[in-house]
Amino acid sequence: TAPAAGYSDAIVGQMYYNSTSGQFKAIKNGGAPIGAWASGTSMNTAKGYVGSAGNKTALLVFGGSPPYLAITEQYDGSAWTEVNDLNTARSAMSSGGTSTAAFCAGGRISSTDSTVASEEWNGTSWAEGNNLNLERYALTTGMGSQTAGLAVGGNKRFSPSASPNYFAGTEEYDGTSWTEVNDLPTAMEAAGGVGTQTAAGQWGGYNGSYINSGFLYDGTSWTTTTNFPISGGNFSTSGTTTSGLMFGIYDNGPGAGVANNLSWDGTSFTEVADLATARNGGGGPTASLGTASSAILAGGNASPYTTATEEWSAADFTINPVTTS
């Protein structure tokens with residue numbers, strides 16, 4: 001018999017006959033996740049281009065636009081609570097860690113300025129830490145922890161200058177200081193990233209036009225990998241360099257945030273169940289704390305900014321037709 005609705009009774013290795021398609025099917029590990037997004041409790045304040053840390057049942061979302069916020073909200077899996085603010089209001093920063101031990105670095109603080117300021121969250125309040133080496137905003141989101149963080153790419157632009165300065169710079173954080181390491185192959189801002197300080201990946205971004213490049217980091221060097229299916233950026237992620245999700249994406253095609261949700265298996269991308277609310281720049285789990293089967297997206301730019309929260313749940317297996325040769 002086929003697994004029940006929701007696949008909660010499925011066992012890897014089982015086979016069954018699907019009378020509708022006339023096929024034998026097998027339940028296997030891996031592959032694109034079978035899942036869906038469900039509505040969660042809305043945040044207290046509509047915002048996007050935020051920092052975030054944690055996972056689906058314990059998430060911290062901080063800063064963001066409009067225009068430059070210091071607000072911090074904490075989610076326990078059912079309700080949002082406003083807690084202590086950032087010391088420096090900002091948007092489009094680097095962030096990571098857990099809901100009780102997070103970091104926030106860089107970001108945009110006004111229409112004419114960005115910052116090198118770095119802060120740490122201890123579960124109760126934010127404290128100033130050592131600064132980034134490169135002042136920038138629109139860094140790659142969602143990689144690393146409070147004691148092993150990453151700050152990648154970004155942009156430094158002073159309005160009304162018409163010449164943005166895109167960065168390829170990568171910095172590593174050890175819980176005390178930021179250290180410059182090997183650069184990205186391509187300077188850019190607003191990419192999305194997965195993984196940890198020693199096994200990270202990033203895709204998309206903007207450097208005068210939106211791109212779909214993909215790069216992997218092994219803790220020392222960046223190498224190219226499979227391109228992103230979308231030329232875009234400002235998206236959230238969940239998972240690792242071998243099993244992850246990318247969602248809430250700015251797509252240059254329509255020129256807006258889209259509902260697309262893409263699964264990554266370490267080699268290729270597969271589109272899976274879409275978000276209910278199309279948007280970009282929302283707060284997702286720290287990539288390595290979320291998984292391909294458990295993720296969250298809070299807020300974002302849906303034109304206008306939104307408070308909407310959606311939660312992703314998926315099975316850790318796929319159902320594949322059985323073929324013979």
Side-chain angles (χ1 to χ4, degrees), residues 6 32-64 71-83 93-104 121 123 140-146 192-196 234-240 243-250 257-264 271-302 305-316:
I34 302 169
W37 292 95
S39 295
T41 305
S42 295
M43 291 194 298
N44 295 291
T45 302
K47 49 188 172 285
Y49 311 110
V50 296
S52 57
N55 59 27
K56 186 167 75 173
T57 58
L59 185 70
L60 197 72
V61 174
F62 39 92
I71 295 169
T72 301
E73 295 193 43
Q74 197 163 34
Y75 187 59
D76 63 5
S78 60
W80 289 95
T81 303
E82 190 167 335
V83 291
M93 68 288 277
S94 177
S95 62
T98 70
S99 66
T100 57
F103 75 88
C104 169
W121 170 258
T140 302
T141 56
M143 299 184 291
S145 68
Q146 191 184 76
V194 299
T196 66
N234 284 321
F235 56 89
S236 301
T237 63
S238 182
T240 68
S243 179
L245 288 176
M246 289 92 177
F247 45 89
I249 306 159
Y250 181 89
V258 292
N260 300 61
N261 179 27
L262 300 171
S263 168
W264 166 252
E271 185 156 359
V272 290
D274 287 350
L275 292 159
T277 301
R279 52 184 139 161
N280 65 281
T286 304
S288 60
L289 293 183
T291 68
S293 58
S294 178
I296 186 169
L297 181 62
N301 184 358
Y305 294 99
T306 181
T307 60
T309 298
E310 296 185 50
E311 299 180 11
W312 168 258
S313 299
D316 292 318

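The backbone N or O of Ala273 lies less than 3.5 Å from a partner atom in the side chain of Asn261, making a donor-acceptor pair. Here the side chain of Trp37 pairs no donor or acceptor atom with the backbone of Ala276 at under 3.5 angstrom. At distances below 3.5 Å, at least one donor-acceptor pair connects side-chain atoms of Thr237 with backbone N or O atoms of Gly193. The backbone N or O of Ser52 sits less than 3.5 Å from a side-chain atom of Ser95, completing a donor-acceptor pair. For the pair Thr286 (side chain) and Gly54 (backbone), a donor-acceptor distance under 3.5 Å is present. Between the side chain of Gln74 and the backbone N or O of Ser99, at least one donor-acceptor pair lies under 3.5 Å.
For the atom pair CD (Glu311) and OG (Ser294), the distance works out to 8.5 Å, reported to the nearest 0.5 Å. For the atom pair OG1 of Thr81 and CG of Asp76, the computed distance is 6.5 Å after rounding to the nearest 0.5 Å.
With no hydrogens or angles considered, a side-chain donor-acceptor pair links Glu271 and Asn260 at under 3.5 Å. Inspection of the Lys47 and Thr307 side chains reveals no N or O donor paired with an N or O acceptor under 3.5 Å. Side chain to side chain, Asn44 and Glu73 meet the donor-acceptor criterion of an N or O pair below 3.5 Å.
Leu60 places a side-chain heavy atom less than 4.5 Å from the side chain of Thr72. No side-chain heavy atom of Phe62 sits less than 4.5 Å from a side-chain heavy atom of Val50.
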Original post:
After noting the C-alpha distance and the side-chain angles of Phe235 and Asn280, does the key distance pass the side chain to side chain contact (heavy atoms under 4.5 Å, CB included) rule?
Top reply: CA-CA 6 Å; Phe235 56 89; Asn280 65 281; over 6 Å; no
**OP:** Could you give me the CA-CA distance, side-chain angles and deciding distance for Ser238 and Lys56, then say whether side chain to side chain donor-acceptor pair (under 3.5 Å) is met?
**Re:** CA-CA 10 Å; Ser238 182; Lys56 186 167 75 173; over 6 Å; no
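Taking the six-membered ring for Trp and thresholds of 30 and 60 degrees, Tyr305 and Tyr49 have ring planes more than 60 degrees apart, a perpendicular arrangement.
Aromatic pair Trp312/Phe247: ring centres not closer than 6.0 Å.
Salt-bridge formation is detected for the pair Arg279/Glu310: a Lys NZ or Arg NE/NH1/NH2 atom is positioned less than 4.0 Å from an Asp or Glu carboxylate oxygen.
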